[in-house]
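Values reported hereafter were calculated over all heavy atoms of this structure, with side chains retained and with hydrogens, waters and symmetry mates removed. Quick caveat: nothing in here was measured; it's all calculated off a predicted structure. Each ligand, and each atom within it, is numbered from 1 in the order the structure gives.
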Amino acid sequence: MTGYLLNEGYYDKAVLPLGSTEWHGEHLPFGTDALVAESLAEAVAERVDWMLLLPTMPYGMSEHYAKFPATFTLSGVTLITVVTEIIDSIHSHGINRLLVINGHDGNIAPIEVATREYRVAHPDMKIAVLDAWWVTAGKLLPKGTFEAWDGLGHGGEGETSMMLRIAPSNVNMSKARGIIPSLPEEVKYQWLFDEITPYGVTGDPTKATSEKGILMWNALVDHLVSFVNMMDEEGWEVGPQAQK
Ligand SMILES: [Zn+2]
């Protein structure tokens, strides 16, 4: 078996949680995105074989949230470099299978650039990315699970429900308030967050419940565990090269 030897044993793959530090309304903590990514990553690493849980990246690309209090941000270019260099470090230690779990919308494009370019330069480094858990959770759960805006939104029904599952003592439901913006559907409008919400929240967090959070968390963890097990069986190859 190839892999990296730590005190606990050999690791043949790693999971990297990526978050952000930014305003999530008055009802959620600044570290929400990092907490969610970390919680999912921890649970997956516990339930699959030989997966190294990497430290959570607490900062992300949050420039479009910067008008809200205590929002910290890296530039997109910086985040591309950070993600690339973390992947390069993992790779240099002999681990060539990586799952990235992202908790923040602004990180999606930098992760895409970093991981695409890394794979082209190092085809032996296998990388999979859960880039938007909030969208995936909606696809995994039955229609009608959410009451407002399909559960979407920054600090909205879905994210607040996840936080009620993960860190309920950090959620203040009495302060929950949001707005559902009207945005074009087929073409992406590059909003600045303060243009679409006065609260720093989109969606409807007042519809959040811990029950919905449990459903989302369980569905995502089960899905990721099955995914990693399937990838292990297929040598982290896809297409005709996969070991069927
Ligand atoms: Zn968030």
K.L.:
Kindly assign one of parallel, tilted or perpendicular to the pair Phe193 and Trp191, based on the angle between their ring planes and the thresholds 30° and 60°.
P.N.:
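Rings of Phe193 and Trp191: tilted, as their planes differ by 30° to 60°.
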K.L.:
Mark yes or no for whether Lys13, through its side chain, and Asp49, through its backbone, hold a donor-acceptor pair below 3.5 Å.
P.N.:
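Confirmed, Lys13 side chain pairs with Asp49 backbone.
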K.L.:
Among the N/O/S atoms of Asp33, which is closest to the Zn ion (ligand 1)? Give the atom name.
P.N.:
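In Asp33, the heteroatom (N, O or S) nearest the Zn ion (ligand 1) is OD1.
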K.L.:
Does Glu159 bring an N, O or S atom to within less than 2.8 Å of the Zn ion (ligand 1)?
P.N.:
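An N, O or S atom of Glu159 is closer than 2.8 Å to the Zn ion (ligand 1), so yes.
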K.L.:
Looking at Thr71 and Trp23, would you say the former's side chain and the latter's main chain have a donor-acceptor pair under 3.5 Å?
P.N.:
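Between the backbone of Trp23 and the side chain of Thr71 there is a qualifying donor-acceptor contact (under 3.5 Å).
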K.L.:
What is the ring orientation for His64 with His104, classed by angle as parallel under 30°, tilted 30 to 60°, or perpendicular over 60°?
P.N.:
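Ring orientation of His64 relative to His104: tilted.
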K.L.:
Within less than 2.8 Å of the Zn ion (ligand 1), any N, O or S from His24?
P.N.:
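Of the N, O and S atoms in His24, at least one lies under 2.8 Å from the Zn ion (ligand 1), which means yes.
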K.L.:
Measuring to the Zn ion (ligand 1), does Asp105 have an N/O/S atom at a distance below 2.8 Å?
P.N.:
no
